[in-house]
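We number each residue from 1, following the sequence as shown.
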Amino acid sequence: MEQDRKSTVVITGASSGVGLQAAKALAQMGTWDVVMACRDLTKAQDAAQALGMPQDNYTVMLLDLANLESVRQFVQNLRESGKAIDALVCNAAVYLPLLKEPLRSVDGYELSVATNHLGHFLLCNLLLEDLKNSSDSFAPRLIILGTVTANPKELGGKIPIPAPPDLGALQGFEAGFTDPIAMIDGKKFKPGKAYKDSKLCNVLTMRELHRRYHESTGIIFSCVYPGCVATTGLFRHHYPLFQKLFPLFQKNITGGFVSEELAGERVAAVVAQPQYNQSGVYWSWGNRQQKDRQSFVQEVSNEASDDLKSKRLWELSAKLVALA
C-alpha cells in the first residue's frame, strides 16, 4: 500500500447496527477510509455524526441491494470516485418474519433473498476485479456476515421454528424466482425461512468465491458471526414483545448477548487484523459469551458444505442478476 493512502473498505447497511459500529471502529483506526453503502443517505450521515466518526475517514454512498440497477450504479460511482477498494463487508440484511405474503424487489424477486443474497452476489462479482487490484500491504478481503439461525450445527441453528434452512434442489431459482414463486426451494412462502435460506446462500457464495477465485486473485473470502446482537434493527419488523424479551433472553438465559458496539469491533478486526487472513472459513465468537471471548473457525452445516449445490447456486444466481 502506498504510504500516503488509507485502506478503503465498503460496508453495506452501515447506517445502523453492526454495520454502523464496524464503520465507526475502522474509521477511528485512522488508517481506513470507510465507504458506508446505504439506502438512506441522510440516516447514515446523521448516524456517523452522532457517533463522532472522523469526517475525513468515511464517505456515505447510495446503495439499494434490493435493486440490481442500484448495485451496478453504486459500483460505477465508486470507481468514478477514484477509490481503490481493499475490503468489502456484506453486512446489510432484511428480516420480515411477520409477512403473510411475500414482498417483491423491483426486479420481481422475494425481498429478503433479493436483498440479502442476490444484491450482495452481484456486488461481490462486480467488485472482484477492484479487490484483485488492491494495493494494500496484505491480501484484500471480502467478508459476508453470517447468522447461527442458518447453521444447524450451531446452538441457535438447532431451533426449527419457523422452519430450518433448506434450499432443496433450488427449484425456485431454476424456475426464475418470480411471482408466484417466493422460496428458493419452490415451496410455500415462509418469511422466517426465506431469511434463513438467504443467509445459507451467503455461506455457499463465500465458499464458491473461495473455490473459484482465492488462488488466482489472493483475495481472502470469509464469513463472520460476531455473536447474537439481540438489539439490532434487524428485528424491527418483529412483534414488539419479541423485541423486548429477546435481548433479556440472550442476556440471562443463553448468555449469547453481544452489544452492537462489540459486534462491530469484531467485524472490524476480521477486516483489519492479519490473523484473519485464512480464506474459505467461517469465523465465529459462538453463543456462550465470556470475558475476552476469542474467535474460532466454525464448522458450517452439511448443506453449506455441499460443493455441487454451491456451484449450481452460483450458476442460477448469475442468471437471475444477469451476469450470465
Side-chain angles (χ1 to χ4, degrees), residues 7-24 26-27 32-49 51 53 55 57-96 103-131 134 140-145 195 198-199 201-202 205-206 209 224 232-234 236 264 267-268 271 317-318 320-323:
S7 301
T8 299
V9 56
V10 172
I11 304 178
T12 67
S15 62
S16 64
V18 177
L20 174 61
Q21 294 296 335
K24 173 189 173 184
L26 288 162
W32 285 90
D33 176 19
V34 181
V35 176
M36 302 170 67
C38 307
R39 287 181 300 169
D40 189 329
L41 300 184
T42 300
K43 178 182 176 182
Q45 189 66 52
D46 290 347
Q49 292 177 358
L51 288 179
M53 289 173 54
Q55 292 188 2
N57 294 351
Y58 73 90
T59 305
V60 177
M61 295 184 67
L62 180 64
L63 171 63
D64 181 357
L65 287 160
N67 182 333
L68 297 176
E69 181 55 36
S70 176
V71 176
R72 292 185 172 89
Q73 187 62 54
F74 169 79
V75 172
Q76 180 179 329
N77 293 342
L78 189 64
R79 289 171 177 162
E80 290 176 354
S81 75
K83 294 180 183 295
I85 306 306
D86 305 294
L88 168 63
V89 179
C90 298
N91 161 78
V94 296
Y95 175 47
L96 305 164
L103 295 178
R104 298 280 175 179
S105 71
V106 296
D107 303 288
Y109 306 136
E110 189 278 320
L111 190 61
S112 59
V113 172
T115 303
N116 305 349
H117 168 56
L118 291 172
H120 276 133
F121 178 84
L122 177 59
L123 182 66
C124 290
N125 274 275
L126 294 180
L127 287 180
L128 276 175
E129 194 67 24
D130 301 75
L131 287 167
S134 165
R141 301 182 183 185
L142 193 161
I143 300 158
I144 306 177
L145 269 287
Y195 169 77
S198 73
K199 298 306 290 181
C201 288
N202 287 163
T205 297
M206 180 275 291
L209 281 164
V224 56
T232 177
L234 183 67
R236 65 187 178 276
V267 172
V271 173
S317 299
L320 292 176
V321 303
L323 280 174

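- The shortest distance between side-chain heavy atoms of Val113 and Cys201 does not fall below 4.5 Å.
- Across Asn116 and Ser198, no two heavy atoms sit closer than the pair ND2-OG, 3.0 Å.
- Put simply, the side chain of Asp86 never gets that close to the backbone of Val9: no donor and acceptor are under 3.5 Å apart.
- Side-chain contact check for Leu88 versus Asp130: every heavy-atom pair is 4.5 Å or farther apart.
- Not counting sequence neighbours, Phe74 has no partner by the ring-ring contact (aromatic ring centres under 6.0 Å, His included) test.
- The side-chain contact (heavy atoms from CB on, under 4.5 Å) test with Leu63 singles out one residue from Thr12, Val75, Val35, Leu41, and that residue is Thr12.
- Taking both residues in full, the closest heavy atoms of Leu68 and Gly119 are given as CD2-CA, 4.3 Å, listed atom of the first, atom of the second, then distance.
- Asn67 is linked by a side chain to side chain contact (heavy atoms under 4.5 Å, CB included) to Asp64, Glu69, Ser70, Val106, counting only residues two or more places apart in sequence or in another chain.
- Across all non-hydrogen atoms, the minimal contact from Thr205 to Phe121 is CG2-CD1, 4.0 Å.
- In terms of heavy atoms, Val94 sits closest to Ser112 at CG2-CA, 3.6 Å.
- Here the closest non-hydrogen pair linking His120 and Asn91 is NE2-N, 3.9 Å.
- Atom CZ of Arg79 is separated from atom CG of Asn77 by 11.0 Å, given to the nearest 0.5 angstrom.
- Distance check: Asp46 CG to Ser16 OG gives 12.5 Å after rounding to the nearest 0.5 Å.
- Thr59 has its side chain within reach of Lys83: a pair of non-hydrogen atoms, C-beta onward, lies under 4.5 Å apart.
- The side-chain heavy atoms of Met53 and Leu20, taken from C-beta on, include a pair separated by under 4.5 Å.
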Starting from the C-alpha separation in whole Å, work towards a yes-or-no answer on side-chain contact (heavy atoms from CB on, under 4.5 Å) for Arg39 and Leu65. CA-CA 8 Å; Arg39 287 181 300 169; Leu65 287 160; over 6 Å; no
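- Listed by chain and residue number, Ser15, Met36, Cys38, Val60 satisfy the side chain to side chain contact (heavy atoms under 4.5 Å, CB included) test with Ala44 (two or more places apart in sequence, or in another chain).
- Separating the CG atom in Leu142 from the SG atom in Cys124 is a distance of 4.0 Å, to the nearest 0.5 Å.
- Side-chain contact between Lys24 and Val34 is absent, with no heavy-atom pair separated by less than 4.5 Å.
- In this structure, the side chains of Val224 and Val89 stay at 4.5 Å or more apart for every pair of heavy atoms.
- Here Leu118 contributes atom CG and Ser105 contributes atom OG; the two are 8.0 Å apart, rounded to the nearest 0.5 Å.
- Here the straight-line distance linking atom CD of Gln73 with atom CG of Leu78 works out to 11.5 Å at 0.5 Å rounding.
- You'll find the side chain of Arg141 stays beyond 4.5 Å of the side chain of Val271, heavy atoms only.
- To the nearest 0.5 angstrom, Thr8 atom OG1 is 8.0 Å from Trp32 atom CH2.
- The minimum heavy-atom distance linking Asn202 with Leu145 is given by the pair OD1-O, 4.0 Å.
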May I have the step-by-step check of side-chain contact (heavy atoms from CB on, under 4.5 Å) for Ser134 and Ile85, ending in yes or no? CA-CA 6 Å; Ser134 165; Ile85 306 306; over 6 Å; no
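- A side-chain donor-acceptor contact under 3.5 Å links Tyr109 to the backbone of Leu320.
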